[in-house]
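Below: the structure, in structure tokens.
Throughout, residue positions are numbered sequentially from 1 according to the sequence presented.
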Amino acid sequence: MNKTTCAIIIFSLFSVCSLGQTTRKTTYLDLLQTLAEKQQLQLSYSNDLLALSDSTDFIFSTNPDTCLAELQNQTSLKITKTETHLVIASKAPAYIHLQGKVVDAESNELLPYANILIEKAGTGTISNTNGEFDFKIQGRYAGTEVKFSFMGYGLQKLKIPFADNDELLIKLTPKPYTLADVFVLPNGNEALDIVKRAVKNIKRNYDRNTYQMKAFYRNTNYRDTTATQLIEAALLIEDKGIMRPTSTTKIELEEVRKSANYQVPMDKKHKAALKLMEKYFGGHRNTFYRSYGNYVRIYRDEWWYQPLTDYETFKYEFAGFEWLDSTKVYKIKFIYDRLQPNGKRASENKNSDNGGFIYINSEDWAILKIEKWWKILTGHPNQNLAIKGDFMSKNEMGYQKINGKYYLKYTTGFASPNGKYFVYENPDAPDNQKVIKERQYAETTLLVTRVITDKKAMDKIRYREKLAKDENTYEINYPYNPEFWKNYNILKENPLEEKFVNEMEWEKSLDIQFEENSSNHAQDK
């Protein structure tokens, strides 16, 4: 290469590298195209290499080969020069497997349901009930950021490595609010005003168009603390958007597996009562549809429990601030306060606590999380009827922001069991004399692993593929595909607690139970 050609290349490189400071931001693709053209090479690359579109104002060396080496060091790109081509590939493998824990940086306490967002992928996950996470991500996202956040803590960022890592320890620093952080609330200090403003902004903050969600579902049944049944499913959920009736929501079962059921079954009387409820209210026993409960989605549709819009039935109290990274979040307590026939408000009943918390972003007024419970307190005439601990019910749902809109991220809580609520020591005694031996209940988790807003990328749910809302999830056997579950790398809650697995396998292994409780097994008989 003669001196004149070198001078042209050097001048071109300086021109490209300085574009970010003059007319527009230079991308790595701009630099590579200039290098290829000036060296009379053909540029070969894949369009899905994210690093190519990244902007840079880095000043590279004037020597072309040194420049290529610096580009390779600067990015997640592998650059190979042949006699005819400049070949651009990714340094990372096809998939990167990341495992670890999210903890409080000061106490090392594990943080369950911490939000984990890979913004460039438009997806994420949450830590499980033990603060653990376990997911795979396409290698093309190596070098991009994954963000870890938890209400009341500062944000933590991590660059996705170029290889698997199973020992990640993410430490989030608590960020408590102090009196100095308090600032004037809308219209003074009225918690209700904050709720009303959040509701007013629902149409702006939540998607009004059709979108789909890939989701992982887990239902674990118990007799007191002993495991009695497991149901897991991979779901495709299609939601028509915030302004459409919830009846338009479709769910398709992509895969499902069920264990044996070791719960004490319902008697005929209770089964008949449930069927009557199904007839008038629909879908009572379909746990997949029930797991997609979403208070924001049904803020105007729910006919009996509307903490976001029924301001006569509920009262509201300001419960302080929390932090989500650098954003203040209003914490509003809502209390069920319906006027009773005796002329008193429900909140005057000191025997129970029925309400929860609404967490509202102070910047865009989005609802980030809703917690709800019904707790039986000491002195309640039906205190012994609490399902788990002192709770009759308890659930939580969190929301995530993707491309400027909020979507459901997870739901978790108690559900009705696949059997009796209570097992009595003296079942034949009068109701007021019965002694509870065991309480039966289910815990459910629905984790949204991917949100799809591009209609071209959606898998249309046809009528015959749609899960029926009145289908009894517990009684129907579904196909079981062991290979799917062996290779199920969609972001999910993982793993099952060892204690749960040991209790479920006292008779047969879970794999055998899954096979025997599937339609495959029924066909083989």
Under 6.0 Å between ring centres: does that hold for [X] and [Y]?
| X | Y | answer |
| --- | --- | --- |
| Y441 | Y421 | no |
| F314 | Y336 | yes |
| W374 | F414 | no |
| Y399 | Y406 | no |
| Y295 | Y299 | no |

message = I'd like to know whether NZ of K375 has more than 12 heavy-atom contacts from other residues, nucleotides or ligands below 6.0 angstrom.
response = no

So that I can tick it off, tell me whether [Y] and [X] are bridged by a salt bridge, with the cut-off set at under 4.0 angstrom between side-chain N and carboxylate O.
| X | Y | value |
| --- | --- | --- |
| E317 | K333 | no |
| E443 | K388 | yes |
| K369 | E371 | yes |
| K508 | E516 | yes |

Hey, are the side chains of [X] and [Y] touching, using non-hydrogen atoms and a 4.5 Å cut-off?
| X | Y | result |
| --- | --- | --- |
| S259 | L510 | yes |
| Y330 | F318 | yes |
| Y474 | N219 | yes |
| D459 | K214 | yes |
| Q99 | F133 | no |
| I194 | Y316 | no |
| D207 | Y407 | yes |
| K196 | Y311 | yes |

task = Using the test ring pair (Phe, Tyr, Trp, His ring centres under 6.0 Å), find all partners of Y292 that sit at least two apart in sequence or belong to another chain.
result =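 Counting only residues at least two positions away or on another chain, Y292 forms no ring pair (Phe, Tyr, Trp, His ring centres under 6.0 Å).
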
ask   = Who pairs with Y262 by ring pair (Phe, Tyr, Trp, His ring centres under 6.0 Å), at least two apart in sequence or on another chain?
value = W506

request  = May I ask you to decide if V435's main-chain N or O and N426's side chain share a donor-acceptor pair within less than 3.5 Å?
outcome  =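 Answer holds: yes.
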
task = Could you tell me which residues satisfy side chain to side chain contact (heavy atoms under 4.5 Å, CB included) with Q156, sequence neighbours excluded, listed by chain and number?
result =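 Checked Q156 against side chain to side chain contact (heavy atoms under 4.5 Å, CB included); matches are F148, I170, L172.
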
task = Report the relative orientation of the aromatic rings in Y113 and Y410; use parallel for angles under 30°, tilted for 30 to 60°, perpendicular for over 60°.
result = parallel

Side-chain H-bond candidate by donor/acceptor type, Y222 with D224, under 3.5 Å =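 Judged by distance alone, the side chains do not pair up.
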
